[in-house]
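Proteins come first, then strands; the chains are lettered A, B, ... in the order of their sequence lines, and each starts at number 1.
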2 protein chains.
Amino acid sequence: MDPAIHPQSTRDKILDVAEARFSQRGFAGVGLQELASAAGLGKSSLFHHFSGKVQLYLAVLDRVLERIELHVAPALASDAEPRAALDRVVDTLIDSLVEHPTAPRLLLRALFEDDEFPDEQAPEVQAVDRRLHSLVSAFHAVVERGVARGVFRKVSAPDTIQTLIGATIYHFASGDFGRELFGEPLLAASAVARRKREVKLLLRHGLRTPGPGPNETPERNPT
Amino acid sequence: MDPAIHPQSTRDKILDVAEARFSQRGFAGVGLQELASAAGLGKSSLFHHFSGKVQLYLAVLDRVLERIELHVAPALASDAEPRAALDRVVDTLIDSLVEHPTAPRLLLRALFEDDEFPDEQAPEVQAVDRRLHSLVSAFHAVVERGVARGVFRKVSAPDTIQTLIGATIYHFASGDFGRELFGEPLLAASAVARRKREVKLLLRHGLRTPGPGPNETPERNPT
DNA sequence: GTCTATACTACGATAGAC
DNA sequence: GTCTATCGTAGTATAGAC
């Protein structure tokens, strides 16, 4: 149990190889035999750690969401000025996606593939849904707060969430296409820095209240 | 051959059911038996119309891209003012995605799933790549033109393309998640209209050159 | 906790009758 | 152009030995 002696359990090793494979080819595209041999196990041994393929997939997803949550939560929880909070969300979210490059694809699949899991009410499904909902509603609150304080235009919060997801999760999920579009890997340091800058600037300018006021520090405008 | 007498060939029927299934569950998630019986055929009959599963999938993709191209091309080809052209691109692209709701998911998969097709140089693969590249480079030109004319900030064109894809294709691909986020189907008339408006406004404000100038008609500012 | 062995189904694809 | 039959493989899952 000591992580210094057992740096990773068999279960964690399975999760690691499953995360890599599922990220690349999706749930249906990966077989348990492939996973088992990649983890150095026999096919049947997987069933001693996970009750089935679906549960393994959900465990992978849950771990990915947990890591994102850990990175982004501070930026979302802070009651900082909305524009600064939004910048921090973009930075921390992109940091977490870059640190674990399997995450964007797994998340993207989870978001757009309508889960067709046999038991919709299974505890594993609900755990994943709960984490996702937590992140989304926290970001929703940041946008609404910005609108209420008058530092953002009267944008639709759900639409803004979708745009942010597209600008971050989709972006870093687009593998060959993205690499060809930019002429360099999406994970290259320069490409990551540019992406952060571009997204933050687009949101900065795109969300701010137009008006004749100065484009900086129109803070605290109660009523 | 007369479309009035033969409104759709067997090949088209196969393409239709394949488009629906592949859109929902992806390439690996759909079996040929399922496709065949949904098209009212025996499994083996598929091989008389397509030489294999991969070719069928690529034919579906190509048809989807062709339809998008037909909708969006006029907006991209026009040498109109860049901001107006951008608005038209958003409108026509979203129109085409809504008209064929299978398209967003198929396109999204094509963009982020690194094609692991046996023969990378097969003509079918290149046909799809060509259509995709055509659309992307045309949009690239619109953004660059706007930057050159000074009506857009000095944004990164590839980053802008990624953002637009996320804001449109990802958005309309996000099924259950999107429906839960908005509280109504993404294809509801009100949701579509709002999405168009939000994306166009975000780009309008997010891309325009800041400066002290008026927020409207800073046209023609040659050096 | 991992293994071999096995059950049963489905997969993509081919051959050949009609 | 569609069919039945079949091949070889791989799929998820279970049972039981070690």
Q: Would you mind telling me which of dT12(D), dC3(C), dT2(D) lies closest to the side-chain atoms of H48(B)?
A: dT2(D)
Q: Report the distance from atom CG of L46(B) to atom P of dC3(D), rounded to the nearest whole Å.
A: 10 Å
Q: State whether R130(A) and D62(A) are salt-bridged, where the test is any N-O pair (Lys NZ or Arg NE/NH1/NH2 against Asp/Glu carboxylate O) under 4.0 Å.
A: no
Q: Can you tell me how far C1' of dT6(D) sits from CZ of F47(B), to the nearest Å?
A: 14 Å
Q: L35(A) has an atom CG; how far is it from atom C1' of dT12(D), in whole Å?
A: 12 Å
Q: In whole angstrom, give the distance that lies between atom CG of L56(B) and atom P of dC11(C).
A: 14 Å
Q: Nearest of dT4(D), dT2(C), dA5(C) to any side-chain atom of S44(B)?
A: dT4(D)
Q: Of the nucleotides dT2(D), dT12(D), dT14(C), which has the atom closest to the K53(A) side chain?
A: dT12(D)
Q: Using atom CD1 of I14(B) as one end and atom C1' of dG1(D) as the other, report the distance to the nearest whole Å.
A: 10 Å
Q: Looking at D91(A) and K200(A), does any basic side-chain N land under 4.0 Å from a carboxylate oxygen?
A: yes
Q: Which comes earlier along DNA chain C counting from the 5' end, the contact point of K43(A) or that of H49(A), where each point is its nearest nucleotide?
A: H49(A)
Q: Is the number of heavy atoms from other residues, nucleotides or ligands within 6.0 Å of NZ (K196(A)) greater than 12?
A: yes
Q: For S51(A) and G31(A), take the nucleotide of DNA chain D holding the closest heavy atom to each; which residue's nucleotide lies nearer the 5' end?
A: G31(A)
Q: Which whole-number value in Å describes the distance from L32(B) CG to dC7(D) P?
A: 20 Å
Q: With no hydrogens and no angle check, just 3.5 Å: does a side-chain donor-acceptor pair link E19(A) and T102(A)?
A: yes
Q: Without decimals, in angstroms, what is the distance between K13(A) NZ and dG1(C) P?
A: 16 Å
Q: Given dA13(D), dT2(C), dA13(C), which nucleotide is nearest the side-chain atoms of L41(A)?
A: dT2(C)
Q: Would R145(B) and D79(B) pass as an ion pair if we require N to O under 4.0 Å?
A: no
Q: Reckon V30(B) touches a base, only the sugar-phosphate, or nothing at all at heavy-atom distances under 4.0 Å?
A: sugar-phosphate
Q: In whole angstrom, give the distance that lies between atom CD of E34(B) and atom C1' of dG12(C).
A: 14 Å
Q: Can a side chain N or O of Q33(B) be found less than 4.0 Å away from OP1 or OP2 on dG12(C)?
A: no
